[in-house]
Peer 1: 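Starting off with a structure, shown below.
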Protein chains: 4
Amino acid sequence: MNRSSTPALPRFVPLTPRGQRTREKLLRAAQTLFGDKGYEHASIADITREAEVALGTFYVYFPDKQSIFVEVVDELGARLRRLLAEAVARCEDRLAVEREGLRTFFQFASRERHLYRIVRQAEFVDEACYRRYYERFARGYVSGLKRAMDAGEVRRMDPEVLAYCLMGMGDFLGMRWVLWEGDSGLEHVLDTAMALLRHGLETRAAGMPAPDKKRARKPRASRSKTS
Amino acid sequence: MNRSSTPALPRFVPLTPRGQRTREKLLRAAQTLFGDKGYEHASIADITREAEVALGTFYVYFPDKQSIFVEVVDELGARLRRLLAEAVARCEDRLAVEREGLRTFFQFASRERHLYRIVRQAEFVDEACYRRYYERFARGYVSGLKRAMDAGEVRRMDPEVLAYCLMGMGDFLGMRWVLWEGDSGLEHVLDTAMALLRHGLETRAAGMPAPDKKRARKPRASRSKTS
Amino acid sequence: MNRSSTPALPRFVPLTPRGQRTREKLLRAAQTLFGDKGYEHASIADITREAEVALGTFYVYFPDKQSIFVEVVDELGARLRRLLAEAVARCEDRLAVEREGLRTFFQFASRERHLYRIVRQAEFVDEACYRRYYERFARGYVSGLKRAMDAGEVRRMDPEVLAYCLMGMGDFLGMRWVLWEGDSGLEHVLDTAMALLRHGLETRAAGMPAPDKKRARKPRASRSKTS
Amino acid sequence: MNRSSTPALPRFVPLTPRGQRTREKLLRAAQTLFGDKGYEHASIADITREAEVALGTFYVYFPDKQSIFVEVVDELGARLRRLLAEAVARCEDRLAVEREGLRTFFQFASRERHLYRIVRQAEFVDEACYRRYYERFARGYVSGLKRAMDAGEVRRMDPEVLAYCLMGMGDFLGMRWVLWEGDSGLEHVLDTAMALLRHGLETRAAGMPAPDKKRARKPRASRSKTS
DNA sequence: CATGAATGAGATTTCATTCAT
DNA sequence: AATGAATGAAATCTCATTCAT
């Protein structure tokens, strides 16, 4: 269905400063337009118009449309990973890492609403680029989790499965409360997600026996904090 | 970027059984091709060729390409929800529900690899249809979770946030181990996911006191670099 | 560019009364739709929908789209000619004939706004039908004018040229003040047209010498009645 | 039924002389083909073939088929108005203006047989463009007639009604004797039209008393039944 | 007579890409 | 490096007409 790209190496020999600037303008414009209109509906003409260069100039810097898309996705992923790395560095324990990571991701997604749209399209434009995006994330995530397991902060389980669980959670929460809802109630979302991560689904608090289901139902409803 | 659809009423009602059959053939073909080549790369001509009808026949049953896509997505969602409902009905407790739900989803995604490709594209083809897909899922999920909370099987937290967490987990696990990996090691994946859901991330086993966080963590805090 | 039709003979053998009624419904619907949307944009499906019969029924009564169009035009022309004949019969002198003829035409055009649109399109649908429409008009007109000339009511000149002059006047006045303007000030339009027909353009009243151009310019402006 | 255009500003300004030339070729080809086959039957492919450019080139210069049509009509009108203005400038009195105007129109229509076909179609392609065509003509006509009235050369009457009368005459005479008949006997047609314009329909010669209407007509009125 | 599903040619329009300047 | 005119393949959609029932 689509050609696959080699991991984003710089595609051209070094450029003059002027060329560098033009290339940047094109990447900026492409990011905007792929985000706004989608890959298929954003034409090269749109991109060059937005970048304020002539149509033909595009092909001086990129061999084809797919290439600039891949570069946009790779760059976006790198930027987000850098932000997350910074956030993680500020955290004391693993749960804080998870919370700050989610928060950073939400902020990024909110500032750059293109993110979701662009990355998801990659699946149909260049599958390799799409997988690369998530695999790189997972790689970082896995090594963080392993360290936390070694430190006894996180229960031992397959860190890769865990990483995909956590990425999926973040992705869907962001979709629902950042993209669709427009950032409303994000702290509450974070609280809930952290509660899940801290204790799992089950009711029995650490060290306490599970309540008898049949009898316990109603009484507990009083302190409910469901939305 | 895209028009939004009203909740999929069949637009053109074929009057004869022959017409019904043709319509079905088109829907089958569309599902296959949208899954294989993606919405943008599957042309009406491809679909009618696959369905073994003439090009013009398409427009007897659907006003445009978007409409058949929406119908395919809605139908796919309905089928999956039905399967899940059946799976849930077989389960005793909530954790079993989660596990069976995931397993059912993985099986479905494995049999109909189109699922991912098709649903994800909806975001760019018809946003309303895309949100509808997840919101319907969420609705069912939320009511199931509420019941479980009332029954004391699940800790009280915002069930909608929880639903999106769980859907995201399932989505990413399916993407990674069904779509990319081809169903290998699914039981292990389920085990890991269930471990997370059962206890959360933390190390203290159920019924055991949590390690004293303050003491265990501090050493690391010294090189924190809060910004 | 287009096929030419033979003068509208009934195209099919006599029909049952029920068939006659269906045929009429189709003709009515076609007239409406050709008038509203134009020949090219009115589809057979539109016509049968408007006539409340099935698509295939059309081809029971007409061999193709062009045929029904020609029949509509021929019928429209016949109706207008009949109306004009009645109007003429009520008139005493030739100028009254012209005035009543114009008035009748305007009324008809106003009631059936389709007229203009339909007939004019004929030029591109079936040229023979188009010429036939005007030639039949002209034929009647010419014989009327000849009689008037024989009676000494109208100056002798080529009656056919005259007929086209008068038809052209009527056509354009109707276009401007019925179609575009919506029937406003029609009596004034008739007055002006009749003044032209009565005296021609020139200023000198019958039996009076023409005014000296150079000197006479300003004084006369006082009794102007221009709109 | 049709969209309406704003008064034809060129929409796409070609920047290079080469582009200018291509644009001209397309306009020429469009004029030819709209005239020959009609708007609906002349396809963009026909036009680009005639202009000897590739299909896609059309859309470099015109956003759609309607636009080039409007431009063709506007241009045709402008050319005819220019010719008429030149003809009028050569004339001494108003009747000469009318005669020369008609002659010029006939010559133009004869050289560019497209004229009729093209302008008349405008009614169904772009109504605004169609009205604009005649209204611009009428504007010039009206101001000429007003001057002539002020000069005492033409009897005072509503100049706009008069203008449409005269345009209608010209239009139908041209249709009949240029388009259908192929320029035969045009001087005779002009003579007849001028006789009408000079004296009107009535028999009384200039400077002679009109015949007593009442007495001369009655006898004949009884059997009049012109169709 | 009446139906309406099926057809496929053909029309408009888009757009990634090339290339001469 | 930069330009923008030119290209033509391909896509969507329309619709007059046919035909089996």
Side-chain angles (χ1 to χ4, degrees), chain A residues 15-16 18-23 40-49 53-68, chain B residues 12 14-23 40-48 51-66, chain C residues 15-16 18-23 40-49 53-68, chain D residues 12 14-23 40-48 51-66:
Chain A
L15 300 163
T16 65
R18 180 194 181 194
Q20 266 301 356
R21 238 176 303 127
T22 305
R23 198 167 197 282
E40 299 291 344
H41 293 82
S43 66
I44 305 288
D46 289 335
I47 293 170
T48 51
R49 205 177 307 118
V53 299
L55 210 177
T57 305
F58 179 88
Y59 289 90
V60 175
Y61 295 98
F62 302 93
D64 52 28
K65 195 184 177 185
Q66 187 164 315
S67 301
I68 197 174
Chain B
F12 283 36
L15 302 174
T16 65
R18 181 191 181 198
Q20 269 295 3
R21 239 173 304 131
T22 305
R23 197 168 199 280
E40 300 290 347
H41 293 82
S43 69
I44 308 280
D46 290 334
I47 294 172
T48 52
E52 296 177 299
V53 296
L55 207 171
T57 305
F58 178 89
Y59 292 93
V60 174
Y61 296 100
F62 303 94
D64 51 29
K65 196 183 171 185
Q66 185 166 317
Chain C
L15 301 162
T16 65
R18 179 193 180 195
Q20 266 301 354
R21 238 174 304 128
T22 305
R23 197 167 200 282
E40 299 291 344
H41 292 82
S43 67
I44 305 288
D46 289 334
I47 293 171
T48 51
R49 204 178 307 119
V53 298
L55 210 177
T57 306
F58 178 89
Y59 289 91
V60 175
Y61 295 99
F62 302 93
D64 54 27
K65 194 183 177 185
Q66 188 165 313
S67 301
I68 198 174
Chain D
F12 283 37
L15 302 174
T16 66
R18 181 191 180 198
Q20 270 295 2
R21 240 173 302 129
T22 304
R23 198 169 199 280
E40 300 290 347
H41 293 82
S43 69
I44 308 280
D46 290 335
I47 294 172
T48 51
E52 296 176 300
V53 296
L55 209 173
T57 305
F58 178 88
Y59 292 92
V60 175
Y61 296 99
F62 304 93
D64 51 29
K65 197 181 172 187
Q66 187 166 316

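Throughout, protein chains are lettered first and strands after them, A, B, ... in sequence-line order, and every chain is numbered starting at 1.
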Peer 1: Given pairs defined as Watson-Crick or G-U wobble with both distances under 3.5 Å, what dot-bracket annotation applies to DNA chain E, with ( ) intrastrand, [ ] crossing, | other strand and . unpaired?
Peer 2: .||||||||||||||||||||
Peer 1: Search all heavy atoms of D:Tyr59 against all heavy atoms of D:Asp64 and return the closest pair with its distance.
Peer 2: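 Residues D:Tyr59 and D:Asp64, closest heavy atoms: CE2-CA, 4.2 Å.
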Peer 1: Please work out if B:Ile44 contacts a base, only the sugar-phosphate, or nothing of the nucleic acid, heavy-atom cut-off 4.0 Å.
Peer 2: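 B:Ile44: backbone/sugar contact only, no base atoms under 4.0 Å.
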Peer 1: When the distance from CZ of C:Phe58 to P of E:dA5 is rounded to whole Å, what number comes out?
Peer 2: 19 Å
Peer 1: If I compare all heavy atoms of B:Ile44 with all of B:Leu55, which pair ends up nearest, and what's the gap?
Peer 2: CG2-CD2, 4.1 Å
Peer 1: Using a cut-off of less than 4.0 Å, is there contact between a side-chain N or O of D:Thr22 and OP1 or OP2 of F:dA6?
Peer 2: yes
Peer 1: Find the distance C:Lys65:NZ to F:dT14:P and express it as a whole number of Å.
Peer 2: 14 Å
Peer 1: Rounded to the nearest 0.5 Å, what separation is found between the OG1 atom of B:Thr57 and the CD1 atom of B:Ile47?
Peer 2: 13.0 Å
Peer 1: Give the minimum heavy-atom separation between D:Lys65 and D:Glu40, together with the two atoms involved.
Peer 2: NZ-O, 3.8 Å
Peer 1: Start at the 5' end of DNA chain E and walk down; is the nucleotide closest to D:Asp46 or to A:Asp46 reached first?
Peer 2: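 Going by which nucleotide is closer to the 5' end, it is D:Asp46.
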Peer 1: Check whether any side-chain heavy atom of C:Tyr61 sits under 4.5 Å from a side-chain heavy atom of C:Ile68, and report yes or no.
Peer 2: no
Peer 1: At under 4.0 Å between heavy atoms, what does C:Ser43 touch on the DNA or RNA strands: base, sugar-phosphate, or nothing?
Peer 2: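 Counting heavy atoms under 4.0 Å across all strands, the contact made by C:Ser43 is with sugar-phosphate only.
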Peer 1: DNA chain F: C:Ala45 or A:Gly56, which has the more 5' nearest nucleotide?
Peer 2: A:Gly56
Peer 1: Measure across D:Val53 and D:Thr22 and return the closest heavy-atom pair with its distance rounded to 0.1 Å.
Peer 2: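 Result for this residue pair: CG1-CG2, 3.9 Å.
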Peer 1: What integer distance in Å separates A:Glu40:CD from F:dA10:C1'?
Peer 2: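 Nearest whole value for this atom pair: 13 Å.
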Peer 1: Can you tell me how far C1' of E:dT14 sits from OH of D:Tyr61, to the nearest Å?
Peer 2: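 That distance rounds to 17 Å.
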Peer 1: Closer to the 5' end of DNA chain E via nearest nucleotide, is it D:Ala42 or A:Ala42?
Peer 2: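 Its nearest nucleotide lies further toward 5', so the answer is D:Ala42.
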Peer 1: Expressed as a whole number of angstroms, how long is the span from D:Leu55:CG to F:dA11:P?
Peer 2: 16 Å
Peer 1: Figure out the CZ/P separation between A:Phe62 and F:dA1, and round it to whole Å.
Peer 2: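 Atom CZ in A:Phe62 sits about 13 Å away from atom P in F:dA1.
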Peer 1: Find the distance D:Asp64:CG to F:dT12:P and express it as a whole number of Å.
Peer 2: 21 Å
Peer 1: Please give, in whole Å, the distance from E:dT13 P to D:Gln66 CD?
Peer 2: 9 Å
Peer 1: If you check every side-chain atom of A:Val60, which of F:dA1, F:dA6, E:dT3 has the closest atom?
Peer 2: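 Nearest nucleotide to the side chain: F:dA1.
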Peer 1: Below the 4.0 Å mark, does E:dT13 have OP1 or OP2 next to a side-chain nitrogen or oxygen of D:Tyr59?
Peer 2: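 Looking at the OP1 and OP2 atoms of E:dT13, one of them is under 4.0 Å from a side-chain N or O of D:Tyr59.
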